[in-house]
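Only one structure is covered here, and it is reproduced in the block below.
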Amino acid sequence: MMIRLIYASRAINLGPVDVKDILSSSRRNNHQLAVTGALSLSNGIFLQCLEGERSAVNAVYHHILKDKRHNKPEILSLEEITQRQFTGWNMGLIAATAENSALFLKYSSTSEFDPFTMSAPALKEFFAEVLSSARWLS
């Protein structure tokens, strides 16, 4: 059975090298586990969508829980899925660039993006729109 897990956490002591390391290791590890998804970093908050076989997604999430760069992670949405949204993306990064600012604002109830306040349907819509319009960083 496949699932989609969306969680958020607050970044701690995060620099550009850390982001590059997270992205690189995520792509490598997720590929081995057949986990796909996207990682958003905005306003010091990680928002990540992970999808794949249930035990593989759980393994990735438990690994994240041990990562000292994540503080107070919360599962915001968890659902069974019949198909992946992020086919071909072991991990894409959506950053708070000028090109993406309208997208972040669209789903934010305040002037700063805060996924902790978003509903599960809004989170799903955000990631669906990310696929079609966000500027991805590699």
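This structure is a prediction, so every number in the text was calculated from the model and none was measured.
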Separation of [Y] [atom2] from [X] [atom1] (nearest 0.5 Å):
X: L47; Y: L41; atom1: CG; atom2: CG; value: 10.0 Å
X: F113; Y: L105; atom1: CZ; atom2: CG; value: 10.5 Å
X: I12; Y: N71; atom1: CD1; atom2: CG; value: 3.5 Å
X: F86; Y: L50; atom1: CZ; atom2: CG; value: 10.0 Å
X: S101; Y: K106; atom1: OG; atom2: NZ; value: 13.0 Å

Sidechain-backbone polar pair: E80 side chain, M1 backbone, donor-acceptor under 3.5 Å: no
Sidechain-backbone polar pair: N43 side chain, I45 backbone, donor-acceptor under 3.5 Å: no
Whether over 12 other heavy atoms sit under 6.0 Å from E53 CD: yes
Short N-O contact, R69 and D21, less than 4.0 angstrom: yes
Between F104 and F126, ring centroids under 6.0 Å: yes
Donor-acceptor side-chain pairing of E129 and Y107 below 3.5 angstrom: yes
From R84, R4, Q85, residue fulfilling side chain to side chain donor-acceptor pair (under 3.5 Å) relative to T36: R84
Minimum heavy-atom distance E51-T87, with the two atoms named: OE2-N, 4.3 Å
M2 vs R54 side-chain heavy atoms within contact, under 4.5 Å: no
